[in-house]
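Reviewing the structure listed below.
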Amino acid sequence: MPLGGGNKCGRCQKTVYFAEEVLCDGRSFHKSCFLCMVCGKNLDSTTVAVRMDEIYCKACYGKKHGPKGYGYGQGAGTLSMDKGESLGITHEEPAPHRPTSNPNPSKLAQKFGGSDKCPRCGKSVYAAEKVIGAGSSWHKTGCFTCATCGKSLESTTLADKDGEIYCKGCYGKHFGPKGFGYGLGAGALSHTK
């Protein structure tokens with residue numbers, strides 16, 4: 001303890017005396033300084049989250065440093081559209097679609113201890129991220145998408161042709177039947193004068 005009082009506050013660097021001291025992560029804070037760095041909410045031992053020398057409430061910590069993407073909200077069944085721009089988080093746009101160009105060397109990869117290669121990006125596909133479609137292993141996120149429109153696919157929405165995968169709508173447009181009466185809806189015929 002320094003001479004002339006208590007420890008220095010982790011936020012304001014002023015002396016913290018015993019009666020007003022809150023300890024967190026080996027540092028001392030004034031009760032009035034023990035606030036979330038983003039939203040300013042008062043914190044306690046059940047609501048604090050620490051990263052390096054910064055303290056946050058659990059909600060702001062999750063937005064700034066937690067996992068991102070579909071399914072990571074603030075509670076059960078929650079879908080949040082907040083991308084965290086107010087916290088200084090920037091998002092990069094996904095890479096443009098590149099058509100499949102390489103064959104899947106899965107037999108060779110398995111023989112030598114490697115993993116399957118994704119036909120879309122050519123990178124290794126590990127079990128935790130693997131989806132099988134059109135006889136190949138794909139990355140579930142980013143690669144298991146329609147070759148035409150880029151929509152994410154599932155086994156029930158998948159159609160394949162020549163090793164490439166499509167949503168059923170795009171597959172029908174490109175490879176389905178053509179001619180009078182097709183493409184206007186179930187059983188619809190068009191009569192033009």
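Both backbone and side-chain heavy atoms feed into the values below; hydrogens, waters and symmetry mates do not.
- Panel note: side chain R120, backbone G142; no donor-acceptor pair is recorded below 3.5 Å.
- With hydrogens and angles left out, the side-chain atoms of K117 and S124 include a donor and acceptor closer than 3.5 Å.
- The shortest heavy-atom contact between S152 and T145 is CA-CG2, 4.0 Å.
- In this structure, D44 contributes its side chain and T47 its backbone to a donor-acceptor pair below 3.5 Å.
- Here the CE-CG distance, from M52 to D25, works out to 12.0 Å after rounding to the nearest 0.5 Å.
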Residues C146, I165; criterion side chain to side chain contact (heavy atoms under 4.5 Å, CB included); working and verdict: CA-CA 6 Å; C146 175; I165 56 176; over 6 Å; no
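- A donor-acceptor pair shorter than 3.5 Å cannot be found between the side chains of E164 and Y166.
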Working for side chain to side chain contact (heavy atoms under 4.5 Å, CB included), residues S28 and C9: CA-CA 5 Å; S28 297; C9 177; over 6 Å; no
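- When side chains are defined from C-beta on, S137 does not count as touching C118, because their heavy atoms never get closer than 4.5 Å.
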Side chain to side chain contact (heavy atoms under 4.5 Å, CB included) between F34 and I55, worked out: CA-CA 8 Å; F34 197 55; I55 57 174; 3.8 Å; yes
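- From K41, atom NZ reaches atom SG of C57 across 5.0 Å, with rounding to the nearest 0.5 Å.
- By the criterion of side-chain heavy atoms lying less than 4.5 angstrom apart, applied directly or through intervening Ile, Leu, Val, Met, Phe, Trp or Tyr residues, V22 is not grouped with L35; the two fall into different hydrophobic clusters.
- In this structure, Y171 OH and L158 CG are separated by 10.5 Å, a value rounded to the nearest 0.5 Å.
- Taken from OG in S32 to CZ in R11, the straight-line distance is 10.0 Å, to the nearest 0.5 Å.
- Nearest heavy-atom pair, E20 versus T15, reported as atom, atom and distance to 0.1 Å: OE2-O, 3.8 Å.
- Rounding to the nearest 0.5 angstrom, the gap separating the NZ atom in K64 from the CD atom in E54 is 5.5 Å.
- In this structure, V38 and K63 have side chains that are not in contact, with every pair of non-hydrogen atoms separated by 4.5 Å or more.
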Verdict with supporting geometry, V131 and H139, side chain to side chain contact (heavy atoms under 4.5 Å, CB included): CA-CA 6 Å; V131 177; H139 291 106; over 6 Å; no
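- Both W138 and L153 are assigned to one and the same hydrophobic cluster, defined by single-linkage of ILVMFWY side chains at heavy-atom distances under 4.5 Å.
- Atom-to-atom distance recorded for L43:CG and C60:SG is 9.5 Å, nearest 0.5 angstrom.
- The shortest distance between side-chain heavy atoms of D53 and R27 falls below 4.5 Å.
- Both Y61 and V50 belong to a common hydrophobic cluster when Ile, Leu, Val, Met, Phe, Trp and Tyr are linked at side-chain heavy-atom distances under 4.5 angstrom.
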